[in-house]
Amino acid sequence: MSERIALVDVNNFYVSCERVFDPKLVGRPVVVLSNNDGCVVARSQEAKSLGITTGAPFFQVKQFMQSHGMVVRSSNYELYGDMSARVMEVLSRYGTWQEVYSIDESFIGVQGNPDQLGKLATTIRAAVARSVGVPVCVGVAPTKTLAKFANHVAKHNAHLGGVCSMDSMDPQLVADIQSRVPVTDLWGVGSRTGTRLAGLGITSIADLKAADVTDIRKKFSVVLQRTVLELNGTPCIAHNEERADKQQIMYSRSFSSPVRTIEEMVEVMSIYAQRGASRLMNDGLWATLLTITAGTSRFASGEASFPSITLKLPAPTQDPILLTRLAVGAMREIMLPGASYVRGGVILSGLQPEPEQAVFGIFDAGSDEKHVGDVLGAVKARFGNKSIGLGSGGLATEPGWSMKRDYSSPKFTTEWAEIPVVKA
DNA sequence: TCTGGGGTCCTAGGACCC
DNA sequence: TCTGGGGTCCTAGGACCC
């Protein structure tokens, strides 16, 4: 009986979600695009085989995709979020603890001898397929870093049937694989660190595993030191079973057409600040810092401008009126009129639970202004997000810069009007 | 013409205090 | 002319992740 960690993740998650509701997509090359239909963020195996890369700008590969009969979808985060919750619920039944690590993957604590662990991994895979309908891979190992690695092995070796439990593997085979897989494929080693490691002759996972930990600590960081320890079987990355409280809430989007005037940017900030305030209320959090940002395209030749400023709020708040007023006022000051902004954002940080003394708006009274937020929230919950808003945030028609989603699938699971109809 | 969004953790350096 | 040392808190920026 040993304690082990399983890392379960959904294969090509967004594409797999689309396929659940549109089985015609099975077996075909499919890609899902980022917000604003900007670039490719998810690809089916068939699309990967045709050479489509993650992050490829859509406009560059559009022709190629059409000529190969690829299916394109805009991202549908409501659908993916709902499907994610279903997968996580199933996984929670199989672990002694669970840490939801991202929208499509979760660590869970598992126990057993090598034989039992292998069977459990297969059982989990079948359970998710049966109750949610998406394919997963399972990696089982003594540490998180190794569980990630095992998952990687499961994914890249079809004959393993989507599971890989390190306890059942021949150690020599593990060593062979680790000497072939580049160190940058490892969880926690990105391209920057990879370049520096290469300078020291460390290019494979096996090289890093054999490196001197104190030397790594000195030359790099405690983060990479932990990775080396974990590769050698010593768990040292803590699990956060209960969701750690959020540290920040960000609402940031690129625009479908550039924003150049103060009037339009005021509209953007007004809407984004109100979205941020709604999220604060949903999460029961109050912000003490407000950051606003905007940016011109990094790919354009025109005048570059990246205005950004952080304001200390007078007291913890979630008030949409105050946040809107401050965001709009600050942006007026720092933006460069005439520059072609392609994105903007509002970040709320210094988050905390309900404070004893909160500030509500520009008046001193308090209760009435708190009321405004509550009423906005209630109306949105009942009639939808676009039903009400303050100032420019209440525009009934979409502004010219708002997000483009030309290839969206319906909200199959979260919108009554869009639930699929089954005819028997 | 058109290149995503939302997070986390760690570190270095400055301000401030005794 | 000489000009400590140690601690905490905060922030900006780097690196990474999906």
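Since we're looking at a predicted model, the values are computed, not measured. Protein chains get the first letters and strands the later ones, always in sequence-line order, with residue 1 at the start of each.
In the set C:dA15, C:dC10, B:dT3, B:dT3 carries the atom at the smallest distance from any side-chain atom of A:V342. Listed nucleotides: B:dT3, B:dG5, C:dC17. Nearest to the side chain of A:P57: B:dT3. For A:K312, taking side-chain heavy atoms from C-beta onward, the closest of the listed nucleotides C:dT11, B:dG6, B:dC9 is C:dT11. Of the candidates B:dG6, B:dG4, C:dC18, B:dG6 carries the atom nearest the A:S252 side chain, counting heavy atoms from C-beta on. With distances taken from any side-chain atom of A:R343 to the nucleotides C:dC18, B:dG4, B:dT11, the minimum falls on B:dG4. Taking only side-chain atoms of A:Y101, from C-beta outward, the nucleotide of B:dG5, B:dC10, C:dC18 with the closest atom is C:dC18. Closest approach to the A:K246 side chain among B:dT11, B:dG4, B:dG7 is made by B:dG7 (side chain taken as heavy atoms from C-beta onward). Nearest nucleotide to the side chain of A:N35, out of B:dT3, B:dG4, B:dG6: B:dG4. When distances are taken from the side chain of A:C39 to each of C:dC10, B:dT3, C:dC18, the shortest belongs to B:dT3. When each of C:dC16, B:dT8, B:dT3 is scored by its nearest atom to the side-chain atoms of A:Q248, the top-ranked nucleotide is B:dT8.
Looking at heavy-atom distances under 4.0 Å, A:L224 makes no contact with the nucleic acid at all. In this structure, A:S257 reaches neither bases nor backbone, as no heavy-atom distance under 4.0 Å exists between it and the strands shown. Within 4.0 Å (heavy atoms only), A:D104 reaches sugar-phosphate atoms of the nucleic acid but no base atom. Within 4.0 Å of A:S256, counting heavy atoms only, lies no atom of the nucleic acid at all.
Of the side-chain N and O atoms in A:K404, none sit less than 4.0 angstrom from OP1 or OP2 of B:dG4.
A:F255 does not carry A:R343 over the face of its six-membered ring by the limits of under 6.0 Å from the centre and within 45° of the normal. For the pair A:R253 and A:Y251, the cation-pi criterion (under 6.0 Å, within 45° of the ring axis) is fulfilled.
C:dC17 is paired with B:dG6 under the Watson-Crick or G-U wobble criterion, all donor-acceptor distances under 3.5 Å.
Ion pairing of A:R19 with A:E46 is present here, as a side-chain N (NZ or NE/NH1/NH2) and a carboxylate O approach within less than 4.0 Å.
If you take atom C1' in B:dC2 and the same atom in C:dC18, they sit 24 Å apart, rounded to whole Å.
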